[in-house]
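Everything below concerns the one structure shown next.
Note that the structure is predicted; figures quoted are calculated from it, not measured.
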Amino acid sequence: MADDFPSGLDRDQLLELYGALRLTRAAEERLEILQKQGHVTGGLYRSLGQEAGAVGAAFALQRRSDGTGDFLTPTVRAAGALFLFGGELVDFFRQYMARATGPTKGREANVHWVDYQKGLVGPVSPLGTMLEVMAGITLSFNLRSEDRVGMVFYGDGASSTGAWHEGLNFAAVQRCPLILMVEANQWAFSSPTAKNTRVKSFTEKAPGYGIGAESVDGTDVVAVYEAVSRAAAKARSGEGAQMVELRYFRRLGHAQHDAQEYVDPAVIAEWEARDPIDLFHARLLDHEWATEAELRSIRDDVEERCKAAAEIAIGEPDPEGPDAVDDVYTDVVTPHPWTRAATPDPHTA
Ligand SMILES: Cc1ncc(C[n+]2csc(CCOP(=O)(O)OP(=O)(O)O)c2C)c(N)n1
Ligand SMILES: [Mg+2]
């Protein structure tokens with residue numbers, strides 16, 4: 001007899017979580033192959049060991065593709081959340097390969113793309129600033145009395161920027177339905193957390209802004225789902241911004257070029273033993289929620305999908321040089337010809 005399912009999740013949802021974890025890892029492993037083949041333009045960022053944080057968090061939100069669901073700003077290490085919000089695998093590869101066919105037509109990399117219908121707000125690169133952007137978006141949910149929340153991911157290093165403090169204070173004061181996901185992976189490039197902050201847990205910062213916070217084991221996908229479900233319920237019921245700290249470790253360098261020689265290999269080995277996918281795999285089997293054959297078939301399926309999507313992107317063209325200014329500058333003749341085009345209205349775009 002199989003054990004009871006956790007947290008009100010059913011068997012299909014548990015398998016969906018497993019599939020999303022496997023998809024994240026398979027997509028990033030496929031990127032490594034593409035990079036060795038010379039197809040990837042720019043940096044390659046892995047979320048090895050952090051997959052459960054992104055997947056468990058996004059799974060707790062209302063994911064719709066008709067412009068009525070919750071909003072998400074991922075980071076490069078939250079690809080799993082991007083996929084759960086409907087970000088297409090082939091677009092993910094197109095972005096990393098700077099294809100003309102990609103959402104940003106080869107002008108931006110990786111997760112920097114926007115799809116308001118799906119609730120995806122790709123980040124801008126200056127760290128911390130997406131907190132301000134998402135504070136504004138979630139304020140609009142309040143002003144329109146919409147039952148929606150926003151989720152913004154950011155790194156532990158990013159939470160030492162000025163923009164982070166200002167955005168958080170604004171979101172707190174305005175009681176914005178915003179969930180802040182701190183990716184506490186213990187490093188910001190080559191700076192350890194202790195060089196970024198004096199607090200032991202990022203949740204210690206929350207009371208200073210008057211918001212709720214919870215810290216969770218970021219390698220446990222079900223625990224993350226539970227913590228974020230609680231935070232989302234509070235945000236929806238008018239309690240305003242909530243922080244959730246994901247405790248885990250960045251097991252690879254900042255990006256592919258960084259061999260992280262500054263990290264103790266023994267610590268990396270400790271975290272390898274706590275691999276989030278291995279842990280969930282074992283749990284699914286131990287409780288008889290799934291069979292080895294089912295999990296193998298999910299894994300084979302996502303690997304095939306990644307291979308096929310990558311093949312499509314490989315066959316597509318690079319952008320043409322003159323296209324670089326498309327959608328950036330307006331065609332309307334004005335006294336100042338380089339006026340920036342207006343941002344589309346999220347409710348009609
Ligand atoms: C305001 C700002 N300062 C510096 C950078 C350069 N930079 C990009 S990523 C990064 C490290 C980020 O560390 P963290 O926020 O902990 O995220 P992680 O890479 O660990 O996921 C830095 C310094 C930037 N993009 N923006
Ligand atoms: Mg970090």
Can you see whether [X] engages [Y] through a side-chain donor-acceptor pair at a distance of less than 3.5 angstrom?
X	Y	answer
Glu292	His281	yes
Glu51	Thr24	no
Glu245	Thr203	no
Gln174	Asn142	no

Taking [Y]'s backbone N and O only, do any of them form a donor-acceptor pair with [X]'s side chain (distance below 3.5 Å, no angle check)?
X	Y	answer
Thr291	Glu294	yes
Arg251	Ile268	no
Glu32	Glu29	no
Arg305	Ala27	no
Arg107	Asp326	yes
Arg99	Ala313	yes
Trp289	Asp3	yes
Arg30	Cys306	no

Mind listing the closest non-hydrogen atom pair of Ala81 and Phe153 along with its distance? CB-CE1, 4.1 Å
Taking Leu84 as the starting point, is it possible to reach Val228 by hopping between hydrophobic residues whose side chains are less than 4.5 Å apart? no
side-chain contact (heavy atoms from CB on, under 4.5 Å) involving Thr104 - partner list, sequence neighbours excluded: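 By the side-chain contact (heavy atoms from CB on, under 4.5 Å) rule, Thr104 matches Gln95, Glu108, Trp113.
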Return the orientation label for the His257 and Phe189 ring planes: parallel under 30°, perpendicular over 60°, tilted otherwise.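 Because their plane-to-plane angle lies in the 30° to 60° range, the rings of His257 and Phe189 count as tilted.
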Does Phe170 have any ring pair (Phe, Tyr, Trp, His ring centres under 6.0 Å) partners at least two apart in sequence or in another chain, and if so, which?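 Expected list: none.
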Acceptor/donor pairs from residues 122-140 side chains to any protein atom, 3.5 angstrom cut, sequence neighbours excluded:
unit_1: Ser125; atom_1: OG; unit_2: His112; atom_2: NE2; d: 3.4
unit_1: Thr129; atom_1: OG1; unit_2: Pro126; atom_2: O; d: 2.7
unit_1: Thr138; atom_1: OG1; unit_2: Met134; atom_2: O; d: 2.6
unit_1: Thr138; atom_1: OG1; unit_2: Ala135; atom_2: O; d: 3.2
unit_1: Ser140; atom_1: OG; unit_2: Ile137; atom_2: O; d: 2.6

Partners passing salt bridge (charged side-chain N to carboxylate O under 4.0 Å, His left out) against Asp301 (at least two apart in sequence or in another chain):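 Not a single residue meets the salt bridge (charged side-chain N to carboxylate O under 4.0 Å, His left out) criterion with Asp301.
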Is there any ring-ring contact (aromatic ring centres under 6.0 Å, His included) pair reaching into residues 22-44, and which pairs are they, with sequence neighbours excluded? none
Please list all pairs meeting side chain to side chain donor-acceptor pair (under 3.5 Å) that have one or both residues in residues 232-243, counting only residues at least two apart or in different chains. Asp70-Arg236
